[in-house]
Amino acid sequence: MTGDAGDMLSWDESVFRDESVFEIDHVPETFRHRESQLENLKYALRPAVRGSRPLNTMVRGPPGTGKTTAVQKLFGELGARTEVRTVRVNCQVDSTRYAVFSRLFEGIFEYEPPSSGISFKKLFGQITDRLVEEDEVLVVALDDVNYLFYENEASDTLYSLLRAHEAHSGAKIGVIVVSSDLGLDVIDDLDTRVQSVFRPEEVYFPVYDATEIYDILSERAKRGFHEGVIGDAELERVADLTADSGDLRVGIDLLRRAGLNAEMRASKTVSEEDVEDAYDKSKHVHLSRSLRGLSESERDLVRVLAAHDGERAGAVYDAFNDETDLGYTRYSEIINKLDQLGVIDAEYADVDGRGRSRELSLAYDADAVLDRLE
């Protein structure tokens with residue numbers, strides 16, 4: 001430990017003014033560089049304020065570009081109006097139609113539905129009955145809707161929401177779908193019965209440029225750290241590393257971890273070494289988030305892949321089957337999901353005399369993956 005005693009933190013001091021500012025799901029007071037996207041969303045939602053069904057909207061863009069924050073900001077404004085009910089569903093957690101509607105039930109009635117013994121039809125009916133009785137408009141945000149597609153639940157879920165006014169006259173529901181998977185064509189991957197009624201407005205969130213990243217992170221640092229904790233050079237380094245990743249969440253997490261590293265040294269200031277050391281963990285924030293939503297069998301397959309990295313699908317299946325007793329159909333479904341999530345790479349290769357087979361490899365360092373599965 002180096003430095004004068006005046007530069008050292010005492011045991012009850014902190015570099016943080018408000019550490020919650022660096023939480024990934026924190027909604028900032030000032031939301032910069034997304035003015036046009038917010039205006040487009042407001043345009044789509046404006047009919048709800050007048051008591052009509054809002055325009056359905058598709059929000060797309062890479063991870064860490066402000067999509068969820070924009071929805072939360074607007075839902076906060078709409079929530080102040082008693083005639084508009086808003087519910088944001090995290091589809092990484094609630095990835096089936098029944099789970100989505102259970103979350104809508106909870107948002108409307110402010111208590112959870114029974115865990116068993118209630119059919120989807122009854123659940124759906126209770127939701128629409130309440131909306132009609134209270135003359136409320138419901139705006140549903142299906143955040144990370146790509147997870148519904150991975151589980152083949154997207155078409156049924158959207159069909160039920162979009163046809164609610166036909167099933168129950170007077171029910172007014174608008175849908176915002178939010179996707180971070182740029183490889184997913186939301187419209188083309190839906191059933192034709194849904195495509196015929198889902199004609200959404202599109203709002204795209206591009207990657208922040210280097211100047212915007214510095215501006216946003218500077219604002220977070222000002223609110224989250226005490227004055228003088230992080231200097232311009234260190235903040236610029238955080239911004240550069242964030243720009244390299246293309247994901248603002250990396251920078252937000254990096255600020256927090258760098259601050260924790262400074263505290264571990266009992267220092268009142270963040271050094272560039274604190275930033276560099278923190279980056280080893282912060283750069284994997286997207287991986288951590290992807291792994292957090294996996295089921296136990298999906299996590300088992302990731303562990304098997306770490307031990308059989310680069311092997312062909314058949315060999316990996318044999319090891320997975322030995323571990324779990326699950327069949328090839330479920331195995332193939334999980335492989336496709338992990339590939340779509342970007343956790344693995346599944347490339348087809350020619351096999352002598354046997355046609356084509358997929359070679360499976362982790363998209364990240366195996367140790368980094370295994371560390372985040374613990």
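Just the heavy atoms: all of them, side chains too, but no hydrogens, waters or symmetry mates, feed the values below.
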State, to 0.1 Å, how close [X] and [Y] come at their nearest heavy-atom pair, and which atoms those are.
{"X": "D25", "Y": "Q72", "answer": "O-OE1, 4.2 Å"}
{"X": "P206", "Y": "T65", "answer": "O-CG2, 3.4 Å"}
{"X": "D309", "Y": "L362", "answer": "OD1-N, 2.8 Å"}
{"X": "I187", "Y": "M58", "answer": "CG1-CE, 4.4 Å"}
{"X": "R163", "Y": "S196", "answer": "NH2-OG, 4.3 Å"}
{"X": "V175", "Y": "V177", "answer": "CG1-CG1, 3.9 Å"}

How long is the span from the [atom1] atom in [X] to the [atom2] atom in [Y], to the nearest 0.5 Å?
{"X": "L373", "Y": "L294", "atom1": "CG", "atom2": "CG", "value": "7.5 Å"}
{"X": "E19", "Y": "L255", "atom1": "CD", "atom2": "CG", "value": "11.5 Å"}
{"X": "R249", "Y": "T69", "atom1": "CZ", "atom2": "OG1", "value": "10.0 Å"}
{"X": "T86", "Y": "I108", "atom1": "OG1", "atom2": "CD1", "value": "10.5 Å"}
{"X": "N146", "Y": "L182", "atom1": "CG", "atom2": "CG", "value": "9.5 Å"}
{"X": "D144", "Y": "Y150", "atom1": "CG", "atom2": "OH", "value": "8.0 Å"}

I'd like to know if [X] pairs up with [Y] as an ion pair, taking the criterion as any Lys NZ or Arg NE/NH1/NH2 lying under 4.0 Å from an Asp or Glu carboxylate oxygen.
{"X": "D253", "Y": "R257", "value": "yes"}
{"X": "R299", "Y": "E323", "value": "no"}
{"X": "D135", "Y": "K172", "value": "yes"}
{"X": "D94", "Y": "R103", "value": "yes"}
{"X": "K337", "Y": "E151", "value": "yes"}
{"X": "E83", "Y": "R50", "value": "no"}
{"X": "E212", "Y": "R32", "value": "no"}
{"X": "R237", "Y": "E234", "value": "no"}
{"X": "K222", "Y": "E29", "value": "no"}
{"X": "R289", "Y": "D247", "value": "no"}
{"X": "E219", "Y": "R223", "value": "yes"}

Crowded around [X] [atom1]? As in, over 12 foreign heavy atoms under 6.0 Å?
{"X": "E166", "atom1": "CD", "value": "yes"}
{"X": "Y43", "atom1": "OH", "value": "no"}
{"X": "K281", "atom1": "NZ", "value": "no"}
{"X": "D232", "atom1": "CG", "value": "no"}
{"X": "E273", "atom1": "CD", "value": "no"}

When you compare the side chain of [Y] with that of [X], does any pair of heavy atoms fall below 4.5 Å?
{"X": "L190", "Y": "Y159", "value": "no"}
{"X": "I173", "Y": "L104", "value": "no"}
{"X": "R358", "Y": "S332", "value": "yes"}
{"X": "S282", "Y": "V285", "value": "no"}
{"X": "D274", "Y": "R265", "value": "yes"}
{"X": "V93", "Y": "Y147", "value": "no"}
{"X": "L291", "Y": "L341", "value": "no"}
{"X": "V250", "Y": "L241", "value": "no"}

Counting only N and O atoms by type, is there a donor-acceptor contact under 3.5 Å from the side chain of [X] to the main-chain atoms of [Y]?
{"X": "S95", "Y": "Q92", "result": "no"}
{"X": "E263", "Y": "V15", "result": "yes"}
{"X": "E153", "Y": "R97", "result": "yes"}
{"X": "D365", "Y": "A368", "result": "yes"}
{"X": "E106", "Y": "P113", "result": "no"}
{"X": "E23", "Y": "S20", "result": "no"}
{"X": "N56", "Y": "G174", "result": "no"}
{"X": "E347", "Y": "E359", "result": "no"}
{"X": "R220", "Y": "V21", "result": "yes"}
{"X": "T128", "Y": "H168", "result": "no"}

Take the angle between the ring planes of [X] and [Y] and call it parallel below 30°, perpendicular above 60°, tilted in between.
{"X": "F22", "Y": "F225", "result": "tilted"}
{"X": "F124", "Y": "F120", "result": "parallel"}
{"X": "H33", "Y": "Y208", "result": "perpendicular"}
{"X": "Y331", "Y": "Y317", "result": "tilted"}

[X]-[Y] co-clustered via ILVMFWY side chain contacts under 4.5 Å:
{"X": "I216", "Y": "I24", "value": "yes"}
{"X": "L338", "Y": "Y328", "value": "yes"}
{"X": "L254", "Y": "V270", "value": "yes"}
{"X": "Y364", "Y": "V304", "value": "yes"}

## Note on the structure
Paired with L301, the side-chain contact (heavy atoms from CB on, under 4.5 Å) test is passed by just one of I344, V343, L360, I335, namely I335

Is a side-chain donor-acceptor pair under 3.5 Å present for [Y] with [X]?
{"X": "S297", "Y": "D300", "answer": "no"}
{"X": "E13", "Y": "S10", "answer": "yes"}
{"X": "K283", "Y": "S245", "answer": "no"}

### Message
Please determine whether salt bridge (charged side-chain N to carboxylate O under 4.0 Å, His left out) holds for the pair R85 and E110, giving the CA-CA distance in whole Å, both sets of side-chain angles, and the decisive distance to 0.1 Å.
### Response
CA-CA 12 Å; R85 179 79 67 165; E110 299 180 355; 3.8 Å; yes

### Query
Does NZ or CZ of R88 come closer than 6.0 Å to the centre of the six-membered ring of F75, within 45° of the ring's axis?
no

